[in-house]
Amino acid sequence: MRILVIEDEPKTAGFIRKGLRESGYTADMAHDGAEGLELALTKEYDIIILDVMLPGLDGWQVISRIRKLKKDTPVIFLTARDAVQDRIKGLELGADDYLVKPFAFSELLVRIRTILRRGPVKTQELITIGDLEIDLMGHRVTRGGKRLDLTPKEFALLSLLARRSGEVLTRMRIAERIWDMDFDSDTNVVDVHMRRLRAKVDDPFEKKLIHTVRGVGYVLEER
């Protein structure tokens, strides 16, 4: 497995490189956005680990150009920016996961293995599931030809489910990816927002696309 690490902080880059090599991966390093983008577009990688704050081109610009050229290599963002709007922006640009600095290498390794196990992820601008169409770039959702009026949070939640169509997402994972919060098993924030999303995406239609997996989480798929 070959991994591209785009990270400008020498200590962090060295830490990641050492850990990856000890875990049996081949790691190429880039220390700024332009160098990283060139490697990402000219070589084949199984996954890209991308820092957001980079000299020259930042991580947002790098992933935007990668996705614009239809490269679907999975990307994990490394960032000290964990605000909700940053997480939503990353999802909309096509990131597959987020890891907030500082982090334990063991956690990064688990996330890498999880992404590699599930294979390629949907990164196209338009996702179609049954009669549901999600325009990721245009922030537009239609079902059965009817435009759905979603809030930014509802759109981010639906986009996350759609990119992982057929995969059951736990409430913890949804909370970590969409909300700027640690998941508390006593809170029902995920369920509340999911009910609101279903009221718009599923309730007006006979065929349901968002399904609850009892005791686990939610999945978006056509059954």
* Asked: So does K71 pair up with E44, basic N to acidic O under 4.0 Å?
  -> yes

* With side chains defined as the heavy atoms from C-beta onward, is the minimum distance between T114 and D97 less than 4.5 Å? -> no

* Asked: Does CD belonging to E38 count more than 12 external heavy atoms closer than 6.0 Å?
  -> no

* **Verdict with supporting geometry, I47 and D96, side chain to side chain contact (heavy atoms under 4.5 Å, CB included)** => CA-CA 10 Å; I47 199 165; D96 297 273; over 6 Å; no

* To do: State the CG-CZ distance between L220 and R198, to the nearest 0.5 angstrom.
  => 10.0 Å

* Structure fact -> Heavy atoms of L39 and Y45 approach each other most closely as O-CE1, 3.4 Å

* Using a 4.5 Å cut-off on heavy atoms from C-beta on, say whether the side chain of M194 contacts that of L161. => yes

* At what distance, to the nearest 0.5 angstrom, does CG of D202 lie from CZ of R143? -> 5.5 Å

* Asked: Who else is in the cluster with V213 when I, L, V, M, F, W and Y are joined by side-chain contacts under 4.5 Å?
  -> V168, V216, V219

* Which value, rounded to the nearest 0.5 Å, describes the distance between L54 atom CG and E7 atom CD? -> 7.0 Å

* To do: Show the numbers, then the answer: is there a side chain to side chain contact (heavy atoms under 4.5 Å, CB included) between L157 and R196?
  => CA-CA 11 Å; L157 182 55; R196 293 173 181 169; over 6 Å; no

* Asked: Is D191 close to Y218 at the side-chain level, that is, under 4.5 Å between some pair of heavy atoms?
  -> yes

* Asked: Looking at D72 and R163, does any basic side-chain N land under 4.0 Å from a carboxylate oxygen?
  -> no

* **I49 side chain reached by I112 side chain, heavy atoms, under 4.5 Å** => yes

* **Listed partners of D8 passing salt bridge (Lys or Arg N to Asp or Glu O under 4.0 Å), at least two apart** => none

* Taking side-chain contact (heavy atoms from CB on, under 4.5 Å) as the test, write out the residues that go with K18, two or more places apart. => E22

* All side-chain hydrogen bond (donor to acceptor under 3.5 Å, both in side chains) counterparts of R2, not counting sequence neighbours -> D28

* Any side-chain heavy-atom pair of E221 and I129 under 4.5 Å -> no

* At their closest point, which heavy atom of R67 faces which heavy atom of L93, and how far apart are they? -> CG-O, 3.3 Å

* Inter-residue atom distance T73.OG1 - I48.CD1, 0.5 Å rounding -> 4.5 Å

* What are the two closest heavy atoms between A175 and V190, and how far apart are they? -> CB-CG2, 4.0 Å

* List for me each residue that meets salt bridge (Lys or Arg N to Asp or Glu O under 4.0 Å) alongside R17, sequence neighbours excluded, and say none if there are none. => none

* Structure fact -> Between the CG atom in L4 and the CG atom in L50, the distance rounded to the nearest 0.5 Å is 8.5 Å

* Asked: I174 and V192: same hydrophobic cluster, using ILVMFWY side-chain contacts below 4.5 Å?
  -> no

* Looking at I134 and A162, what are the two nearest heavy atoms and their distance? -> CD1-CB, 3.4 Å

* Fit a plane to each ring of F105 and F15, take the angle between them on a 0 to 90° scale, and name the class: parallel (under 30°), tilted (30 to 60°) or perpendicular (over 60°). => perpendicular

* Heavy atoms from other residues, nucleotides or ligands near CG of D149 exceed 12 (cutoff 6.0 Å) -> no

* Distance-minimising heavy-atom pair for R223 and K207 -> O-CE, 3.0 Å

* Looking at P74 and I115, what are the two nearest heavy atoms and their distance? -> CB-CG2, 3.4 Å

* To do: Would you list the pairs meeting side chain to side chain donor-acceptor pair (under 3.5 Å) in which at least one residue belongs to residues 46-65, sequence neighbours left out?
  => D51-K101

* Check the side chains of R113 and S23 for a donor-acceptor pair under 3.5 angstrom, ignoring hydrogens and angles. => no

* Asked: Given the rule that I, L, V, M, F, W and Y join up when any side-chain heavy atoms are under 4.5 Å apart, are L57 and L41 in one cluster?
  -> yes

* Starting at CZ of F103, measure out to CD1 of I16 and round the result to the nearest 0.5 Å. => 4.0 Å

* Out of curiosity, does I76 fall in the hydrophobic cluster containing L116 (side-chain heavy atoms, cut-off under 4.5 Å, transitive links)? -> yes

